[in-house]
Amino acid sequence: MLPYPSGRIHMGHVRNYSIGDVIARQKSMSGWNVLHPMGWDAFGLPAENAAIKHGVDPASWTRENIAVMREQIKRLGFSYDWDREIATCDPSYYKWTQWLFLQLYRNGLAYRKTQKVNWCPSCATVLANEQVVNGACERCDTPVTKRVLEQWFLRITRYAERLLKNLDELAGWPEKVKVMQHNWIGRSEGVDIDFAVEGTGEKLTIFTTRQDTICGVSYVVLAPEHPLLEQLISGKPDEADIRRFVEDVMAQDEIARTAEDTEKVGMPTGAYAVNPANGEAVPIWVGNYVLMEYGTGAVMGVPAHDERDFEFARKYGLPVKVVINPPGESFDESGMEGAYVDEGVQVNSGDFDGMHSSEARAAIAEYLEREGTGRKVVHYRLRDWLVSRQRFWGAPIPIVYCDSCGIVPVPEAELPVMLPEHVEFMPTGKSPLADCPEFVNAKCPVCGGNARRETDTMDTFICSSWYFSRYASPRTDTAPWDRAHVDYWMPVDQYIGGVEHAIMHLMYARFFTMALYDIGLVGFEEPFTNLLTQGMVLMDGAKMSKSKGNTVDPDEIVNEYGADTARLFVLFAAPPERDLEWSAEGVEGCWRFLQRVWRLVHQYVQAVGDERKNMHEGVGVAVVPNPDSLSPEAREVRRAVHGALKKVTEDIEERISLNTAIAAIMECVNSLYALKDAVLSEQGDAAVMAEAIDILVVMLAPFAPHITEELWHEIGHSGSVHRVEWPKYDPRAIVVDEVEIAVQVNGKVRERLTIPADATEDEAVAMALASEKVLAAVGSGSVVKTIFVPKRLINMVVK
RNA sequence: GCGAGAGUGGCGGAACGGCAGACGCAUCAGACUUAGGAUCUGACGGGUAAAACCGUGAGGGUUCAAAUCCCUCCUCUCGCACCA
């Protein structure tokens, strides 16, 4: 885990870590070697904002937060290996973040380019595409503007295909997350098609996935940012109007421009393009609905077969030409009320007439390739990852700029490039590092001449894209990790986090891992084998948040009820992946349950007195020496306990269904309350109760580690309950002699019978037919068929 | 619009195609108590005097049997959304 050290932990943390801790503890008790680490995603804006607002140093602000949160987490009793704790703002960590950046740079995966980028005016920094949500800054909700800047990018697009393909292999990931990544990558197969611009030597390339509709093109539209536009309109009579139009569109912010209900507007440029499929000249327009960022920044307008084009054409009176008819029908162009976007039969398409549109798609693509006017291509929505940030509190990008040598990576021996201390923090749009001469001024590692350092820092998502591997050998100082240890531990068997990481963190981490695999630094391509996306913690149906004032501080719950109650509640109140509604009464209920366990164990201890020394002297669970000769009550106790043990084990190991696991323990406790007096009074059954109490405490231990440890000692054991080997249920104990089955007549339950568990169908039916209720239901009809499900039911079909 | 998930008592939630509502909360009753907001025991989907009967968003279907599988639809949540 790698939480951001925001100041205090919240219930979402408690929930996440409680789930992980149950798994870690149970696996460890089951004999596994478990790596259960904790560290801090310690770079980031809040620290810097605190510096600006309160004049504190980001480093000390962060360190203090970490200290507070570490104590809070320790109070909750999570079994973290604190010897492996890391903080990404620690030079011993970011040295390797920088080192990894250089490896990517050497392998052509980190590069610098000038591009229009997303800019958050409030955070005063650029943002990655993934950090822009509905045109606003993902962090502060401020509408994002655009700036043209030279920035560092990571070439994640090179991995688009693999990031997409590998999703199929991630069987342990929720469908939801895979779908989100799939959509984000946005693979789209189509054709780039060249239209000649009439009267010039220029060509205009459009991208389409519907080349089958090429003969229906009645115009072509460019994005307002399209580089060819300038040349097309210069000297034209409408030049000034068009320029004004383009400027208006570009002045709109992202939200307004891309909202679905934004009206499509455009203007003809006065230029014409020639359709390579049929030689027709069509007008070239500029329109607000075409995005420069996607495809080629130009599209063909086929109003008859595309909703957007239809809307646009109707608005501006552009012709609508049908080239695909639905099977067995034909369209009247003037009467169309919308585009026909489905498959059909080609018409008005020359040699392609009569083909099915899916066939024509292939044929036309091949035709265009043959003619040299088109190329089959795959476009992705995924953009390269913009990683520069004009902020101070991040890992410096280990690059210097030399007037004679250009971009020069800092030699590995000189890493880390340290963040300076005592820096001014006013957000100016430049990194504060830029105003820090002792940082900026450097010598070129190549020629020794004067050079200046890169003053931007890295997106903190880089820091969190490799931390899991660092946990394998967190103190290694000659490499980011010791390969032998990484090979032993990685990939992560069970990763737990909120869905909010579905795109950014989880995609970046996958990309990093793949890239490092290709470079040869790790032996695995995918970092997280199993992913559990836990639900949110809600209060009155809304996410707990400081601004809404509907938070519950974990510390308060721990103070009032103890850590075990807090843990038990967040695990019991809902299945892990679903949202959890906070309930003060529910917390109370969990606390009562733990009290009930406490009393049960103490009553047992009191009843057996000093005798228990013999029964519980070992470090394991007490053994019943004579399981086959027990009183009925004692057998009942064993059935309840071993049945619960079976269910708890399976619920943890097979489906991480922790709420039902706890319910099973509660049921077990209820049974023990009902049976304890009878069993404790029977001399010969003493060992049964000893075993029952031991198993109860052991199987509760991963959920409520403190109270169980205490009880374990009260019972008389030495050693820690958390070092006890996870017991195996005794299959003989859960065998039942008699079962209650339902007797159905025509699917309706008419009787419940207790019959021997091994009764045959004939015996069971005979007993059923001895029941008056069954006979009454059968009445005068005759039984034409009987279904017998052993130990469950009989269904008689009567006519 | 596209995609994913979810609709079950007063509430949170259980249920390999096989007795719907485990477990917990709330409520009610009893016991123990000077007392109980503690504890223990019990009741607790609707309906009925008791049955019958009706009940898992709606409607169809498959099946001896459907909360569960299939089809149509409705509602909610989340993600994407002029991506050509």
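Heavy atoms only: backbone and side chains are in, while hydrogens, waters and symmetry mates are out. Here is how names work: the chains are called A, B, and so on, in the same order as the sequence lines, proteins then strands, and each is numbered from 1.
OP1 or OP2 of B:A84 has at least one side-chain nitrogen or oxygen of A:Tyr294 nearer than 4.0 Å. Distances shorter than 4.0 Å separate some side-chain N or O of A:Arg578 from OP1 or OP2 on B:A14. At the phosphate of B:A15, OP1 or OP2 sits under 4.0 Å from a side-chain N or O atom of A:Arg655. In this structure, A:Ser188 reaches the B:A84 phosphate: one of its side-chain N or O atoms is under 4.0 Å from OP1 or OP2. Under 4.0 angstrom from either OP1 or OP2 of B:G17 there lies no side-chain N or O belonging to A:Arg792. For B:C40, the OP1/OP2 oxygens have a side-chain nitrogen or oxygen of A:Arg599 closer than 4.0 Å.
The side-chain contact (heavy atoms from CB on, under 4.5 Å) test with A:Leu711 singles out one residue from A:Val597, A:Leu600, A:Leu696, A:Leu700, and that residue is A:Val597. Paired with A:Asp192 under the rule side-chain contact (heavy atoms from CB on, under 4.5 Å), one option of A:His379, A:Gln211, A:Lys376 passes, and it is A:His379.
B:A58 and B:G24: their C1' atoms are spaced 31 Å apart (whole Å). With both ends at atom P, the span from B:A22 to B:G10 equals 14 Å, rounded to whole Å. Remark: the separation of the P atoms in B:U75 and B:A43 is 41 Å, to the nearest Å. Here the separation of B:C44 from B:A35, taken at their P atoms, is 29 Å to the nearest Å. Rounded to a whole angstrom, the distance from the P atom of B:C40 to that of B:G47 is 31 Å. Nucleotides B:G42 and B:U48 are separated by 22 Å at their C1' atoms, to the nearest Å. Between the P atoms of B:C69 and B:C23, the separation comes to 25 Å (whole Å). Of the P atoms belonging to B:A20 and B:A66, the separation is 10 Å, rounded to the nearest Å.
For A:Gln181 (side chain) and A:Ala502 (main-chain N/O), a donor-acceptor pair under 3.5 Å exists by modelled atom type. Of the possible donor and acceptor atoms, none in the side chain of A:Arg383 sits under 3.5 Å from a partner among the backbone N and O of A:Ala128. Panel note: side chain A:Arg567, backbone A:Phe703; a donor-acceptor pair is recorded below 3.5 Å.
The closest side-chain donor-acceptor pair between A:Arg596 and A:Asn670 falls under 3.5 angstrom. No donor-acceptor contact under 3.5 angstrom links the side chains of A:Glu560 and A:Trp591, judged on distance only.
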What does the list of N/O pairs under 3.5 Å between the protein and nucleotides 26-30 of chain B look like, with a distance for each?
from: B:A26; atom 1: OP2; to: A:Arg592; atom 2: NH2; distance (Å): 3.1

Please enumerate all protein N or O atoms sitting under 3.5 Å from an N or O of nucleotides 64-71 of chain B, with distances to 0.1 Å.
from: B:C64; atom 1: O2'; to: A:Asn795; atom 2: ND2; distance (Å): 3.2
from: B:C64; atom 1: O2; to: A:Asn795; atom 2: ND2; distance (Å): 2.8

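Under a 4.0 Å N-O distance rule, the pair A:Arg361/A:Glu343 qualifies as a salt bridge. Salt bridge A:Asp168/A:Lys178: absent, no basic N to carboxylate O contact under 4.0 Å.
Of the two residues near RNA chain B, A:Val749 and A:Gly295, the one whose nearest nucleotide lies more 5' is A:Val749. Taking for each of A:Trp591 and A:Ala573 the nucleotide of RNA chain B with the nearest heavy atom, the 5'-most of the two is the partner of A:Ala573.
Stems are defined here as 3 or more consecutive Watson-Crick or G-U wobble pairs with pairing distances under 3.5 Å; those involving RNA chain B are B:1-7 with B:74-80, B:10-12 with B:23-25, B:27-31 with B:39-43, B:57-61 with B:69-73.
As judged by a 4.0 angstrom heavy-atom cut-off over every strand, A:Asn670 is placed among residues touching the sugar-phosphate backbone only. Residue A:Val179 is classed as a sugar-phosphate contact, given heavy-atom separations below 4.0 Å to backbone atoms only. Using a 4.0 Å heavy-atom criterion, one finds that A:Val290 contacts the bases of the nucleic acid, with or without backbone contacts as well. Residue A:Gln595 is out of contact with every strand shown, counting any heavy-atom pair closer than 4.0 Å. Nucleic acid contact class of A:Pro575 (heavy atoms, under 4.0 Å, all strands): sugar-phosphate only. In this structure, A:Gly589 reaches the sugar-phosphate backbone alone: every heavy-atom distance under 4.0 Å involves primed, P, OP1 or OP2 atoms, never a base. Residue-level contact check: A:Ser583 touches neither bases nor backbone, having no heavy atom under 4.0 Å from any strand. Using a 4.0 Å heavy-atom criterion, one finds that A:Lys748 contacts the sugar-phosphate atoms exclusively. Within 4.0 Å (heavy atoms only), A:Arg187 reaches no atom of the nucleic acid at all. Heavy atoms of A:Arg383 sit nowhere under 4.0 angstrom from any nucleic acid atom.
Distance CG (A:Asp309) to C1' (B:A84): 7 Å, rounded to an integer number of Å. Between A:Asn659 atom CG and B:A22 atom C1' there is a gap of 11 Å when expressed in whole angstrom units. Atom CD in A:Glu581 sits about 17 Å away from atom P in B:C25, given to the nearest Å. B:A81 atom C1' lies 13 Å from atom CD1 of A:Ile503, rounded to whole Å. Atom NZ of A:Lys647 and atom P of B:C23 are 12 Å apart (whole Å). For the pair A:Asp212 CG and B:A84 C1', the interatomic distance rounds to 13 Å; values are reported in whole Å. Distance, A:Glu772 CD to B:A51 P: 17 Å, rounded to whole Å. Rounded to whole angstrom, the span from the CD1 atom of A:Ile665 across to the C1' atom of B:G24 amounts to 14 Å.
In this structure, the side chain to side chain contact (heavy atoms under 4.5 Å, CB included) partners of A:Arg314, at least two apart in sequence or on a different chain, are A:Phe310, A:Val320.
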Could you pull out all donor-acceptor pairs under 3.5 Å where a side-chain atom in residues 286-294 of chain A meets a protein atom, sequence neighbours excluded?
from: A:Asn288; atom 1: OD1; to: A:Val265; atom 2: N; distance (Å): 2.9
from: A:Asn288; atom 1: ND2; to: A:Glu263; atom 2: O; distance (Å): 2.9
from: A:Tyr289; atom 1: OH; to: A:Tyr219; atom 2: OH; distance (Å): 3.3
from: A:Tyr289; atom 1: OH; to: A:Asp309; atom 2: OD1; distance (Å): 3.0

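Of the listed nucleotides (B:C82, B:C40, B:A4), B:C40 has the atom at the smallest distance from the side chain of A:Tyr673.
Cation-pi contact between A:Lys264 and A:Phe312: absent, since separation from the ring centre below 6.0 Å together with deviation from the ring axis within 45° is not met.
Pairs engaging residues 768-784 of chain A under the salt bridge (Lys or Arg N to Asp or Glu O under 4.0 Å) rule: A:Glu751-A:Lys773 [sequence neighbours left out].
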